[in-house]
Amino acid sequence: MGRGHRAIFRMKKRYQPQDIEKKWTDWWEKRGYFSPQPSRRKATFSIVMPPPNITGSLHMGHAFDLTLQDILTRFKRMQGYETLWLPGTDHAGIATQNVVEKGLAKEGLSRQKLGREKFLERVWQWKEKYGERIFSQLRGLGASCSWKDKSFTMDKEHSAAVRKVFVQLYKEGYIYRGDYIINWCPRCETALSDIEVEYEEIKGKLYFIRYSFKEKKKEGKDYLVVATTRPETMLGDTAVAVNPGDERFKKLGKKYLILPLVGRELPLILDEYVDPEFGTGALKVTPAHDPNDFLMGKKHNLTFINVLNKDGTINEKGGIYQGLDRYECRRKLLADLKQQGYLEKVEDYTYRIGSCYRCQTPVEPYLSRQWFVRMKDLAREAIRLVKEKQVEFVPPHWKKNYLGWLENIHDWCISRQIWWGHQLPVWYCEDCGEPTVAEETPGSCSACGKIELKQDKDVLDTWFSSSLWPFTTLGWPKGGEKLEKFYPTSVLCTAWEILFFWVARMIMMGFKCTGKVPFYKVYIHPLIGDEKRQKMSKSKGNVIDPLKIMEDYGTDALRFSLVSPQSDSPYLPFSKDRVRGYRNFANKIWNASRFVLMNLEDFRPREKLEDLKSVRLSDKWILSRYSSLVKEVTSHLEHFKFSEAAHSLYQFIWGEFCDWYIELVKPRLSGKEGPSSRCTAQWILYYILKGTLKLLHPFMPFITEEIYQRLPEAGESIMLSAWPEKIGTGYFFPLPTGERKGVRGKAEEEMNLLIKLIQEVRTVRSEMMIPPSKKIDLWLRTSNEKNLDILKENKPEITNLVKAKKLAIDKDITKPALSTSSLVEDVEIFISLKGLIDLDKEKKRLRANLEKLDKDLSTSKKKLSNANFFKRAPSKIVEKEKEKKKTLIQTSERLKKRLEELK
RNA sequence: GCCCAGUUAGCUCAGUGGUUAGAGUGCUUGCUUGACAUGCAAGAGGUCGCUGGUUCAAGUCCAGCACUGGGCACCA
């Protein structure tokens, strides 16, 4: 890789990220920098990447999550840790199966037509194609993962580990099979766990239906009214329940009712569960299609009638409704009820409906035989580990959320009736039907010894394998150097969205399987929303593609804009404006570097400053500010304060290094102050630039490497260079011991006076409308000896930055005629106006400006008062116009005031 | 219903009990100043959600309330 400062001649005026990003990605990877390097510190730092699904393309969420991890990894690597960031992908059972099925549908095929084996071949083809695509996109993002260690949740080793854990948990009684009400997605045709169901409030109806008594009553009504939101489930009713304490029903005694349209006899049962206040106080009981009814069914020994097929249509138990879709059935059934006089009334009712988190189809509570993980004991340990701070949450408030979920946890349904995933390591005996659970295909039934066995067709919940991810990726259960060195991992970095899905389960399974926590810290970050903090989604059409942003503004700008806002709200706003701002920042860095390099042609880097006499106040100041920067960035990164670290860097680079130091140093670089002063300036510029690039590297890896490689004596890659240490005063200024103390504070205090003074003069210039091209005569007067010395010492700097042709500094100056005066601390400032402004000309100019403003103002007013404008223009534009109007009024008033003063 | 977070400039957000509450962006004015017009300089813009309390001192700590966002649990 060509390097050296001669490269400056090829530096364009504008930073063009597209030219260089790929070059560095390839180079870093070719040189093997991303894989663990033997470390001088011997301490290790490891992160396992939350594996992206193989279904998709890189989205903003990945970009954010991975940028944060990359920053941590690069930071720790530069600090000298032996660093491993482990990448991988997730097979994402249902999600991937759905995507592949959609593809098949376009070909007129279906998974059923293909058959399981052929279908799985197709999914593997998909994986080969798209699994790599996401990796290449991650590379483009600059992710410094150890690519050679990448893995996939359905790798051979990983699958073996999954089976091992399953068998172990089964043998220890944590995994069991049972008939329970689970959430069933009729579209995916599989069971879902509780957290795979998303609830949404909908405005629906509550239907009141008459159930007649079996025996006709002599007096009063001969029916009970029950209320339901899902009338079609009545086909599976096997009882009606009332609260035993409910006076209204006390006289009834033991009774039977007749299920309308079906004619089944339903016992009237008493159960405390029924809320007398709700509906009519009478509850239809459908034990096979409602979790609470299920419990009641168990308790009262009711019959369980499942009326639904797997695809959500009514089965043979539904009589004349057989074959209808559940909602179609609802309509028909309601019509029939109404016609036959069973429908008492219909009320509007708002309730929550659960949908499949993968396909948004409303789920049905469904009685079926599934496999579960008993969670209570596992959760207890996971609670303890966090309470004992063996695992810490950042920010800490997530801890409560985590604990709250674990304390009320239900058993985890882990079997899925899909094809893509880890098939259950369970075989059923064709003879006795007993399950045999084993890591490898068993030879015979463990119960009766017969050899005719068939493997369970179900696969495991995707999150089962994900929960093992931190240790299986490192070589568990075989063990080895990687596992020993890097497990437990240092940090887990992910969004709050998958705290329960993934983080909590990793802690439970990690501890269960390895006896250790899977990670010491969990950094939970927000999700990336759009400008209005709305979740990005295809249906809303507000998705911003990070790849497009990278192309338009550069990857460094994207990374910086993702990391830069900090908020505890669940969604961070993302806007192109912000990225554009950081693209400009990258350009600023580029040009500042270009400037430094242009002035470093004859410079040879040396260990220390040689000529201390030519060190000026501005030098001490910038070194002091830089020293603070090192401290801040380091500390912020240690505490996951990414945005604060980014902010410190932005502020220092733009607001201090560029705006002040570079400007202050220009005359010295031109040689006006002598060769020695120039040399010192070069040394400081080089030193600060090099250090700042390093501090910035984790955030903006590409531009920093590009510039770093152009520095004289750059060394190897910036990503392997040592993280800057905070500098001591003695290191730079080997002054006599007595003078070292407080040198930084003093330099900053003195420099602040100069800055304030220069700003004040500029303000006056601007207010007096003195053209920037005109040089001024300036008098500074103070009786404060200390300040007088500072001013005198820094006369060249002041002269240059306020554009003065004459600068007089003394404690005894008479105020010049026709001048303005102002005050900074105890320094009086006089600027001669003589010859600077032609009074008549100035008045003319003010009047002209006022006229223009008036014109703009009336246009603006007209616009705003125009009803059409309000109607047609987006509110954003109206707001902007209002603001413009406000500013116009203010400016015009200021000008009027100036005009008055000139008279 | 329970839990969490938030409420600060037009917008998006920082702010660690202590001078005059900051940044980016937007807006206004001026400027081809020698690295950068993706720039420079200057300016305008604030009831720190409301009400109390603690304190010499509160945007910051405490309590209550209001509103916004999110999560969890639910009665058919």
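The analysis underlying the following values was restricted to heavy atoms, covering all of them including side chains, and did not include hydrogens, waters or symmetry mates.
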B:U16 versus B:C74 - spacing of their P atoms, nearest Å: 39 Å

Could you tell me how far B:C62 sits from B:A23 if I compare only their C1' atoms? Round to whole Å. 30 Å

With distance as the sole criterion, do the side chain of A:Glu663 and the base of B:A41 form a donor-acceptor contact below 3.5 Å? no

To the nearest angstrom, the CZ-P distance between A:Phe393 and B:G71 comes to 18 Å

Take atom CD1 of A:Ile353 and atom P of B:A76, then tell me their distance rounded to the nearest Å. 11 Å

Short side-chain N/O contact from A:Asn584 to OP1 or OP2 of B:G39, under 4.0 Å: yes

Between B:U28 and B:U47, how far is it from one C1' atom to the other, in whole Å? 25 Å

Value in whole Å for how far the P atom of B:C3 lies from CZ of A:Phe500: 15 Å

Taking CD from A:Gln651 and C1' from B:A23, how many angstroms apart are they, rounded to a whole number? 6 Å

Determine: side-chain N/O of A:Arg14 to OP1/OP2 of B:U38, distance under 4.0 Å, yes or no. yes

Counter-base of B:G6, judged by Watson-Crick or G-U geometry with both distances under 3.5 Å: B:C67

Within this structure, what is the CZ-to-P distance between A:Arg578 and B:U12, rounded to whole angstrom? 11 Å

Report yes if at least one side-chain N or O of A:Tyr273 is closer than 4.0 Å to OP1 or OP2 of B:A76; otherwise report no. no

What's A:Asp659 touching, base or sugar-phosphate or nothing? Going by heavy atoms closer than 4.0 Å. sugar-phosphate

Over how many whole Å does the gap from A:Arg762 atom CZ to B:G30 atom C1' extend? 14 Å

May I ask which nucleotide in the shown strands pairs with B:C40, Watson-Crick or G-U wobble, both distances under 3.5 Å? B:G30

Please report the distance separating the C1' of B:G46 from the corresponding atom of B:C36, rounded so that it comes out in whole Å. 33 Å

Check this one for me: any side-chain N or O of A:Thr763 less than 4.0 Å away from OP1 or OP2 of B:G43? yes

Could you let me know what B:G1 is paired to, Watson-Crick or G-U wobble, both distances under 3.5 Å, or none if it's on its own? B:C72

May I ask you to say what A:Val274 touches in the nucleic acid, namely base, sugar-phosphate or nothing, with a heavy-atom cut-off under 4.0 Å? base

Both A:Phe278 and A:Pro565 contact RNA chain B. Which one's nearest nucleotide lies toward the 5' end? A:Pro565

Taking salt bridge (Lys or Arg N to Asp or Glu O under 4.0 Å) as the definition, give me every residue that meets it alongside A:Glu407, ordered by chain and number, with sequence neighbours left out. A:Lys387

Is the closest side-chain donor-acceptor distance between A:Asp237 and A:Tyr211 under 3.5 Å? yes

Can you tell which of B:A76, B:C36, B:A42 lies closest to the side chain of A:Gln759? B:A42

Got a sec, which residues hit side-chain contact (heavy atoms from CB on, under 4.5 Å) with A:Arg326, two or more places apart in sequence or on another chain? A:Pro186, A:Leu308, A:Thr361, A:Pro362, A:Glu364

Verify the distance criterion only: is there a donor paired with an acceptor across the side chains of A:Ser564 and A:Tyr582 at less than 3.5 Å? yes

Would you say the side-chain atoms of A:Ser648 and A:Glu632 include a donor-acceptor pair closer than 3.5 Å? yes

Remember a base hit wins even if backbone is also touched, and classify A:Tyr650 as base, sugar-phosphate or nothing at under 4.0 Å, heavy atoms. sugar-phosphate

For B:C4 versus B:A41, give the span between their P atoms, rounded off to a whole number of Å. 46 Å

Would you mind telling me which residue lines up with the more 5' stretch of RNA chain B, A:Asp293 or A:Ala592, judged by nearest nucleotide? A:Ala592

CG of A:Asn587 versus C1' of B:U38: gap in Å, rounded? 5 Å

Inter-nucleotide P distance (B:G18, B:A57), Å rounded: 14 Å

OP1 or OP2 of B:C36 sitting under 4.0 Å from any side-chain N/O of A:Lys12? no

Given that both distances must come in under 3.5 Å, which nucleotide forms a Watson-Crick or G-U wobble pair with B:A21? none

Between protein and nucleic acid, restricted to nucleotides 4-8 of chain B and to nitrogen or oxygen atoms under 3.5 Å apart, what atom pairs and distances do you find?
residue: B:C4; atom: OP1; partner: A:Lys400; partner atom: NZ; Å: 2.6
residue: B:A5; atom: O2'; partner: A:Asp568; partner atom: O; Å: 3.2

Walk me through whether A:Leu224 and A:Thr280 qualify under side-chain contact (heavy atoms from CB on, under 4.5 Å). CA-CA 8 Å; A:Leu224 270 183; A:Thr280 58; over 6 Å; no

Do the side chains of A:Arg583 and A:Asp556 get close enough for a salt bridge, i.e. N-O under 4.0 angstrom? no

Interatomic distance at C1', B:A44 relative to B:A9, whole Å: 11 Å

Does A:Arg580 have a side-chain nitrogen or oxygen under 4.0 Å from the phosphate oxygens OP1 or OP2 of B:G26? yes

In whole angstrom, give me the gap between the P atoms of B:C61 and B:U68. 23 Å

Is the shortest distance from a Lys or Arg side-chain nitrogen in A:Lys756 or A:Glu760 to a carboxylate oxygen in the other one below 4.0 Å? no

Distance in angstrom units between A:Tyr402 OH and B:C72 P, rounded: 17 Å

Between A:Lys666 and B:U33, does any side-chain N or O lie under 4.0 Å from OP1 or OP2? no

Classify A:Leu499 by what it touches in the nucleic acid, base, sugar-phosphate, or nothing, heavy-atom distance under 4.0 Å. nothing

Looking at A:Trp496, I'd like to know whether one of its side-chain N or O atoms comes within less than 4.0 Å of OP1 or OP2 on B:C3. no

Run the side chain to side chain donor-acceptor pair (under 3.5 Å) check on A:Lys284 and A:Thr286 step by step: do they pass? CA-CA 7 Å; A:Lys284 67 189 252 329; A:Thr286 322; 3.0 Å; yes

Surrounding NE2 of A:His639 (heavy atoms of other residues, nucleotides or ligands, distance under 6.0 Å), is the total greater than 12? no

